[in-house]
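Worksheet for the structure shown next.
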Amino acid sequence: MAEFDMVVRGGTVATAGDVVVADIGVREGRVVAIGERLNRGETEIDAAGKIVTPGGVDSHCHIDQPMADGSVMADDFASGTISAAFGGTTTVLPFACQMKGQSLRSVVEDYHRRADGKTVIDYAFHLIISDPTDQVLGQELPALIKDGYTSFKIYMTYDDMKLNDREILDVLAVARREGAMTMIHAENTDCIAWLTEQLEAAGHTEPKYHATSRPSAVEREAAHRAATLAEVADTPVLIVHVSGAEAIDQIRAAQARGVRVYAETCPQYLFLTADDLDMEGFEGAKCICSPPPRDAANQEAVWTALTTGVFHVFSSDHAPFSYADDKGKQLHGKGASFSYVPNGIPGLETRLPLLFSEGVGKGRMDLQTFVKLTATNSAWMYGLYPRKGTIAVGADADIVIWDPDREVTVTNSALHHNVDYTPYEGMKLTGWPETVISRGTIICDGGELKVDKGRGQFLQCDQPGAVRVG
Ligand code: DUC
Ligand code: ZN
Ligand code: ZN
């Protein structure tokens, strides 16, 4: 009888700490041995010449999220998680989003119904808190944190979501007391509203003006304020989807003062610029997301911050709205003002290959940093480490085997999401996930899905690593 259910043999195994050539022995869905010349496995995978990383953890994505404006996301939990899996991600943390007036518990139940029986990889939920009533903060949220929903996002902008500073402090106080992580969307809402009004009054409504309506200063101010609120409330925050140098400077300065401010960035801030919103006709709507992509100098600042410890996680912020869809980017037609275009771009499947090719492949970051940013820190940040985010004895056997030499031209028809475009169409990448393993089961291999939907498991999150003191 074989000693292991599976052995991944002879790959270059990268974790956040090391890069070693080793065999990985898997039993009952978990890693049980890492070493040389391991005994035989029931399934043997030859990984010689390949790079082996922990399965990616995408800690910021939107899947099948009902929207207040009537737009509809193109991905449900089947297409979203299948797409993530093909891109080397084995755990996702989408949001269960509270609309004003809703009970958080009923929101969570709704999202479970949406995900049940559909996912091919494991998942946990962050909450979005848009209505911090006494009942929500005093009863529902503490109970949900105890049940494994240990992180939540709050917004400084969007009329149906935004909280004022006082409300943010109230939420942070609960996070501190209960040991949860607060993610903050940092943009100054009044500046955006004022600029939008000015632009629209002048007839400047094309997609490119989305970027004009949300300049870096708007994000810089909000990042500074988010750090200040974290300092006042004495609890960590994570500023999500940071787009460029000005917000980065605020975050770095707060970190240097000893304030526990963590930060996330996303592929769109490395690979897109505001010029991508200025495409022919209405096409720029494809790249409308918030904060908007900036320019080449800001892209460089984001690269630098990724490799100097300012950023902790690299997530997709996948928000799937199809372009040629009257429930997607064209919700109000092709002539609509930028302010009516649903915000967000797809990215679950391309997140890891983009960073692998352009980060590791081009020598901008080492493999350990790649793993840290895309898997280990994301798991640690949200209470899933060490079950997820690493290759270690006892961890779930979530493993990606990369062909580091495979050349791929990104094209939407080869992706598995349900969105009708990718912003990265035509990009030439080197390196792609060849085999993806989740809890010891091969789920994608050679471009084929090997499992049925519904095998993914819901994960209850522990207290986030970043909020533990001592
Ligand atoms: N911005 C967000 O805040 N959320 C979804 C997508 C986006 O662009
Ligand atoms: Zn956001
Ligand atoms: Zn988002």
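Read the numbers this way: they start at 1 and go in the same order the structure lists the ligands and their atoms. Computed over heavy atoms, backbone and side chain alike; hydrogens, waters and symmetry mates excluded.
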In short, Q255 meets V310 closest at the heavy-atom pair NE2-O, 3.2 Å
Pocket residues around ligand 1 (non-hydrogen, under 4.0 Å) come out as H62, K153, Y155, Y158, H185, H241, C289, S290, D317, A319, N343, G344
Worksheet item: Looking at F95, does the NZ or CZ of K153 lie under 6.0 angstrom from its six-membered ring centre and within 45 degrees of the ring axis?
Response: yes
From the list T369, I248, T265, side chain to side chain contact (heavy atoms under 4.5 Å, CB included) with L306 holds only for T265
Checklist entry - With a 4.0 Å cut-off, would you call D76 and K118 a salt bridge? => result yes
Between R455 and S438, is there a side-chain donor-acceptor contact under 3.5 Å, judged purely by atom types and distance? yes
So the protein N/O/S atoms within less than 2.8 Å of the Zn ion (ligand 2) come down to K153 NZ, H185 ND1, H241 NE2
| query | Angle class for the W402/F356 ring planes (parallel below 30°, perpendicular above 60°, tilted otherwise)? | reply | parallel
_If you take the centroid of each ring, where Trp contributes its six-membered ring, are Y149 and H126 closer together than 6.0 Å?_
no
Salt bridge check: are K388 and D396 linked by an N-O gap of less than 4.0 Å? yes
**Report entry** N/O donor-acceptor pair under 3.5 Å between E200 side chain and E197 backbone
**Finding:** no
ang(NE2 H62, the Zn ion (ligand 3), NE2 H60) rounded to 10° is 110°
- request: Please work out which of the three classes, parallel, tilted or perpendicular, describes the rings of Y323 and Y421, given edges at 30° and 60°.
  value: perpendicular
